[in-house]
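Worksheet: the structure to be examined is printed underneath.
Predicted, not measured: the structure shown is a model, and the values here were computed from it.
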Amino acid sequence: MKTIVINASPRKKWNTAEVMEAAQKGAESVGAETEFINLSDLVFKGCRSCLVCKKKDKTKGKCYWNDDLTEVIEKIFDADCLLIGSPIYFGEPTSEFRALLERLIFCVMSYDDGSSYFRGKVNVGIFYTMNAPRQFYEESMKDNLSSIEFLFSYLNGEIKSYPVCDTLQVGDYSKYNMGGFSQELKEKQLVLQYPKDIEEAFKIGAELSKGFK
Ligand SMILES: Cc1cc2nc3c(=O)[nH]c(=O)nc-3n(C[C@H](O)[C@H](O)[C@H](O)COP(=O)(O)O)c2cc1C
């Protein structure tokens, strides 16, 4: 049982990283072998549209562009579970998350009939962290982000998405021009809700990493 854990935030010690560390611990609690990858440590591009993966004389389901994502993509295809987290930037996951998604999924997507070339099964847990309150996420963001679940369905596994809302973006808001946020409310959320989110990340990490063949 192998679980790949990915932090798609450029910050290696903040909200998304903490959520992903909790998810990793959850996976390990059910005996999965895990590897934690910070995408910000790697040098890579999104899909180059080289279309080599669609050529008739090439093996299907493989991304032929070579950079630091090559090994990550291979590790995900070999794994039983992928746990990936990203902050929300302007309503979407980060560009690093997006680049990985393009490279990972385009090569397994058939342009003949839309089916998946991928023959394995990788469960996927997607974690988003954001400033937005939970209600805003439910009403205005969730539907849009469901397209990401659809893309991960090309890996044939179970998929779960979890939003971590109203995160603390900086330690001391009084030092920043961020008057739209209240330190008091952010800290309240940090004490009352964030520990529950961490617990939930642990549970999802465990659930998606257990019960393999
Ligand atoms: C460039 C940028 C854009 C952002 N856009 C949004 C947004 O559209 N919606 C939102 O809720 N939060 C937004 N945020 C806030 C982050 O999503 C939030 O603080 C997140 O928890 C940060 O994750 P991190 O602590 O792992 O870096 C944005 C932050 C940055 C830096």
Side-chain angles (χ1 to χ4, degrees), residues 3-30 36 38-40 81-101 105 123-153 155 157-210:
T3 295
I4 300 296
V5 186
I6 294 184
N7 174 24
S9 170
R11 301 203 289 182
K12 291 204 260 181
K13 293 195 185 305
W14 277 80
N15 299 284
T16 316
E18 285 181 356
V19 169
M20 297 322 296
E21 279 160 19
Q24 179 180 29
K25 284 187 190 136
E28 286 170 352
S29 75
V30 293
F36 194 103
N38 280 300
L39 284 188
S40 62
C81 177
L82 166 67
L83 302 171
I84 183 164
S86 175
I88 292 296
Y89 285 180
F90 305 137
E92 302 280 348
T94 60
S95 51
E96 290 82 359
F97 178 104
R98 199 79 217 175
L100 171 60
L101 192 62
I105 302 302
N123 290 340
V124 182
I126 314 159
F127 301 85
Y128 302 113
T129 77
M130 66 197 84
N131 268 329
R134 181 74 183 232
Q135 194 180 343
F136 185 84
Y137 165 82
E138 295 289 345
E139 288 171 2
S140 307
M141 298 170 75
K142 196 175 173 180
D143 279 356
N144 183 37
L145 291 168
S146 65
S147 63
I148 288 169
E149 289 195 7
F150 167 73
L151 291 170
F152 277 121
S153 74
L155 300 185
E158 190 183 341
I159 300 173
K160 277 184 196 290
S161 296
Y162 187 81
V164 177
C165 296
D166 223 341
T167 55
L168 189 78
Q169 199 168 3
V170 292
D172 183 352
Y173 282 77
S174 71
K175 292 188 175 150
Y176 295 84
N177 292 315
M178 293 173 77
F181 299 100
S182 148
Q183 177 101 29
E184 199 188 333
L185 290 180
K186 285 286 188 182
E187 280 180 358
K188 201 169 155 199
Q189 184 77 357
L190 187 71
V191 173
L192 298 179
Q193 181 56 41
Y194 190 62
K196 292 181 192 160
D197 293 331
I198 291 290
E199 212 175 295
E200 201 52 38
F202 180 97
K203 276 193 208 153
I204 292 171
E207 256 171 61
L208 293 177
S209 300
K210 74 179 175 207

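Judged by distance alone, the side chains of Gln193 and Asp166 never bring a donor and an acceptor atom under 3.5 Å apart. Asp172 and Ser174 are linked by a side-chain donor-acceptor pair at a separation below 3.5 angstrom, with hydrogens and angles left out of the test. Counted by atom type alone, Asn123 and Lys210 present zero donor-acceptor pairs between their side chains at under 3.5 Å.
Side-chain atoms of Lys196 and Glu200, non-hydrogen and from C-beta on, never get closer than 4.5 Å to each other. In this structure the side chain of Cys165 never reaches within 4.5 angstrom of the side chain of Pro133, judged on heavy atoms. Inter-residue side-chain proximity for Leu82 and Leu208 is flagged as unmet; no heavy-atom pair is nearer than 4.5 Å. Counting only heavy atoms from C-beta outward, the side chains of Glu207 and Lys160 approach each other to under 4.5 Å. Inter-residue side-chain proximity for Phe127 and Ile204 is flagged as met; some heavy-atom pair is nearer than 4.5 Å. Residues Ile126 and Ile148 form a side-chain contact, since some pair of their non-hydrogen atoms from C-beta on lies under 4.5 Å apart. Proximity of Gln24 to Leu83: side-chain heavy atoms (C-beta onward) are nowhere separated by under 4.5 Å. Side-chain contact between Trp14 and Thr129 is absent, with no heavy atoms from C-beta onward closer than 4.5 Å.
Scanning for side chain to side chain donor-acceptor pair (under 3.5 Å) contacts around Tyr194 gives Glu18, with sequence neighbours left out. The side-chain contact (heavy atoms from CB on, under 4.5 Å) test applied to Glu138 returns Arg134, Lys142, not counting sequence neighbours.
For the atom pair CD (Gln183) and CE (Met178), the distance works out to 10.0 Å, reported to the nearest 0.5 Å. A distance of 11.0 Å separates CZ of Arg98 from CG of Leu100, quoted to the nearest 0.5 Å. In this structure, CD in Glu184 is found 13.0 Å from CD in Gln189, a value given to the nearest 0.5 Å. Note that the CD1 atom of Ile159 and the OG atom of Ser153 stand 5.0 Å from one another [nearest 0.5 Å]. The CG atom of Asp197 sits 10.0 Å away from atom CG of Leu190, with the distance rounded to the nearest 0.5 Å.
Between Phe97 and Phe152, the angle of the ring planes goes over 60°, which puts this pair in the perpendicular group of the 30/60° scheme.
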Could you walk me through whether Gln169 and Arg11 satisfy the side-chain contact (heavy atoms from CB on, under 4.5 Å) test, starting with their C-alpha distance in whole Å, then the side-chain angles of each, then the deciding distance to 0.1 Å, before giving a yes or no?
CA-CA 11 Å; Gln169 199 168 3; Arg11 301 203 289 182; 4.1 Å; yes
Working for side-chain contact (heavy atoms from CB on, under 4.5 Å), residues Tyr173 and Leu168:
CA-CA 9 Å; Tyr173 282 77; Leu168 189 78; 3.6 Å; yes
Can you check side-chain contact (heavy atoms from CB on, under 4.5 Å) on Asn7 and Ile84, steps first, answer last?
CA-CA 6 Å; Asn7 174 24; Ile84 183 164; over 6 Å; no
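Shortest non-hydrogen contact noted between Pro163 and Met130 is CB-CE, 3.8 Å. For the residue pair Ala8 and Leu39, the shortest heavy atom distance occurs at CB-CD1, 3.9 Å. Listed here is the closest heavy atom pair of Thr167 and Asn131: O-OD1, 3.5 Å. Of all the heavy atoms in Gly91 and Met141, the pair that sits closest is CA-CE, 4.5 Å. The nearest pair of heavy atoms linking Pro93 to Ile88 is N-CD1, 4.0 Å.
Side-chain N or O atoms of Ser86 include one that pairs as donor or acceptor with a backbone N or O of Thr94 at under 3.5 Å. Without hydrogens or angle criteria, Ser140 side chain to Tyr137 main chain gives no donor-acceptor distance under 3.5 Å. Checking side-chain atoms of Asn38 against main-chain N and O of Ser40 turns up no donor-acceptor pair under 3.5 Å. Between the Glu92 side chain and the Leu145 main chain, no donor and acceptor come within less than 3.5 Å of each other. In this structure a side-chain-to-backbone donor-acceptor pair under 3.5 Å is present from Ser146 to Asp143.
Within 6.0 Å of the NZ atom in Lys186, the count of heavy atoms belonging to other residues, nucleotides or ligands exceeds 12. No more than 12 heavy-atom neighbours from other residues, nucleotides or ligands sit within 6.0 angstrom of OH on Tyr176.
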